[in-house]
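Below is one structure; the comments refer to it alone.
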Amino acid sequence: MAKSTKMNSRKKWTLGGIGLFLGVALVTTASATYIIGINQTNQNPNVGVDVDTVTNNSVTFSMKVHEGSRLRVGETENTSGDVVVVEDASDTAMQVTFDVTIKYGEQYLADGETMTINYSFDYWSEDTSSANKPLLVADGLLSIRGEIDKTVCSTEEEGVADRWTYVDAPNATAVPTATGSGWTVSTDGNVTTATATLTLTFKWGSFFDNQSPATFYNAKYDPSTITAEDAGKIEAELDAMHAALDKKNITLTAEITKAGAGA
């Protein structure tokens with residue numbers, strides 16, 4: 001009702017004003033014709049504008065095996081050890097090359113934050129067809145390993161180790177915010193693109209105390225006391241690893257994480 005009363009009052013005030021004006025005109029100029037109207041076809045008001053800001057904190061991540069690159073599980077250095085001798089080592093063994101592209105918005109990284117790619121294998125999938133099963137081994141033939149040597153992961157219960165690993169995932173990769181260290185970083189508008197061709201070094205697993213097999217066996221045995229039976233078991237263990245991994249595919253999980261202020 002208040003709004004209606006106000007509008008009615010305004011109409012009365014407007015009509016009264018016009019009526020007063022016409023009355024004066026008729027008195028002073030009896031023969032004149034007056035036309036009172038308003039014609040406004042253009043308006044140029046000044047308007048204050050508030051626009052919500054756009055926050056671009058998105059990220060896309062692509063990581064593919066470089067064409068022709070494969071993981072050769074083997075020794076990187078020749079050795080003339082007293083127990084295991086290596087003669088066909090390759091300095092590119094345990095390495096795989098990947099093509100990486102990361103695109104992220106200008107608000108994805110806060111001040112002081114850094115970006116890292118972390119790698120892992122899903123050793124403990126219940127899916128028996130998992131491509132990562134060959135990376136695991138339940139028991140060795142030699143009685144030189146203890147429970148503490150096994151991986152900290154478990155298929156039984158948390159904290160109870162019951163499997164060794166042949167191969168472990170590479171160390172994490174730091175992603176720079178500027179070109180350098182093999183990375184090319186460019187910004188177009190509010191999107192930054194970081195690209196690199198990364199060569200990652202995979203690690204030996206807990207089955208060999210995270211050392212190469214040659215280093216492991218040469219440290220475990222005294223050549224003056226090792227027996228032919230021990231040597232046969234070493235050969236059988238290495239053959240078992242070959243059978244488990246050779247010409248197989250494994251799945252590496254790569255995940256971007258942030259650290260630092262605001263992470």
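When reading the values below, keep in mind they use all heavy atoms of this one structure, side chains included, and skip hydrogens, waters and symmetry mates.
- A side-chain donor-acceptor contact under 3.5 Å links Glu75 and Ser212.
- Among all heavy-atom pairs drawn from Phe207 and Val137, the shortest one is CD1-CG1, 3.3 Å.
- Annotation: the span from Arg163 atom CZ to Asp139 atom CG amounts to 7.5 Å, rounded to 0.5 Å.
- The two residues Ala93 and Gly74 have their closest heavy-atom pair at CB-O, 3.6 Å.
- At least one side-chain heavy atom of Met94 sits under 4.5 Å from a side-chain heavy atom of Val73.
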Is there a side chain to side chain contact (heavy atoms under 4.5 Å, CB included) between Ile234 and Leu142 once you walk through the steps? CA-CA 8 Å; Ile234 292 173; Leu142 297 163; 3.7 Å; yes
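- Residues Ile102 and Met115 have side chains in contact (heavy-atom distance under 4.5 Å, counting atoms from C-beta outward).
- When the side chains of ILVMFWY residues are joined at heavy-atom separations under 4.5 Å, either directly or via intervening members, Met63 and Val65 end up in a single hydrophobic cluster.
- The CG atom of Asp239 sits 8.0 Å away from atom NE2 of His242, with the distance rounded to the nearest 0.5 Å.
- Contact between Ala169 and Leu252 at its shortest, heavy atoms only, is CB-CD1, 4.0 Å.
- One finds the CZ atom of Phe98 at 7.5 Å from the OH atom of Tyr119 (value rounded to the nearest 0.5 Å).
- Smallest separation of non-hydrogen atoms from Thr79 and Ala214: CG2-CB, 4.0 Å.
- Looking at heavy atoms from C-beta onward, Pro213 lies out of side-chain contact with Val86 at the 4.5 angstrom threshold.
- Look at Glu229 and Lys233 and you find a salt bridge, because one of the NZ, NE, NH1 or NH2 atoms lies within 4.0 Å of a carboxylate O, short of that distance.
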Check step by step if side-chain hydrogen bond (donor to acceptor under 3.5 Å, both in side chains) holds for Thr195 and Thr101. CA-CA 5 Å; Thr195 60; Thr101 300; 5.8 Å; no
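- Side-chain contact, Thr179 with Thr184: no donor N or O sits under 3.5 Å from an acceptor N or O.
- Within the 4.5 Å cutoff, side-chain heavy atoms of Thr187 are placed close to those of Thr192.
- With rounding to the nearest 0.5 Å, the separation of CG in Asp82 from CD1 in Ile226 is 10.0 Å.
- Side-chain N or O atoms of Ser90 include one that pairs as donor or acceptor with a backbone N or O of Thr92 at under 3.5 Å.
- Ala244 and Tyr166 get closest at one heavy-atom pair: CB-CE1, 4.0 Å.
- Within the 4.5 Å cutoff, side-chain heavy atoms of Thr165 are placed close to those of Leu136.
- Lys103 NZ: 12 or fewer foreign heavy atoms inside a 6.0 Å radius.
- Around atom CG of Asp222, more than 12 heavy atoms belonging to other residues, nucleotides or ligands sit under 6.0 Å away.
- Lys203 has its side chain out of reach of Asn210: every pair of non-hydrogen atoms, C-beta onward, lies at least 4.5 Å apart.
- For the side chain to side chain contact (heavy atoms under 4.5 Å, CB included) with Val100, the qualifying choice from Ile117, Thr173, Val175 is Ile117, the only one to do so.
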List the steps and the verdict of side chain to side chain contact (heavy atoms under 4.5 Å, CB included) for Val96 and Leu200. CA-CA 5 Å; Val96 178; Leu200 303 181; 5.7 Å; no
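- Taking CD1 from Ile250 and NZ from Lys248, the interatomic distance works out to 11.5 Å, rounded to the nearest 0.5 Å.
- Heavy-atom minimum distance, Asp88 versus Arg72: O-NH2, 2.9 Å.
- Between the side chain of Asn218 and the backbone N or O of Val84 there is at least one donor-acceptor pair closer than 3.5 Å.
- Atoms CG and CG, from Asp91 and Asn78 in turn, are 10.5 Å apart once rounded to the nearest 0.5 Å.
- The number of heavy atoms from other shown groups lying within 6.0 Å of CD (Gln211) is above 12.
- The side-chain heavy atoms of Ile256 and Tyr104, taken from C-beta on, include no pair separated by under 4.5 Å.
- There is a path of hydrophobic side-chain contacts, each under 4.5 Å, that joins Leu238 to Val83.
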Test side chain to side chain contact (heavy atoms under 4.5 Å, CB included) on Leu135 and Leu245; report intermediate values, then the result. CA-CA 7 Å; Leu135 296 174; Leu245 298 177; 3.8 Å; yes
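- Side-chain contact between Ile144 and Tyr221 is present, with at least one heavy-atom pair separated by less than 4.5 Å.
- Taking the six-membered ring where the residue is Trp, Phe208 and Trp204 present perpendicular rings, their angle passing 60° and hence far from 30°.
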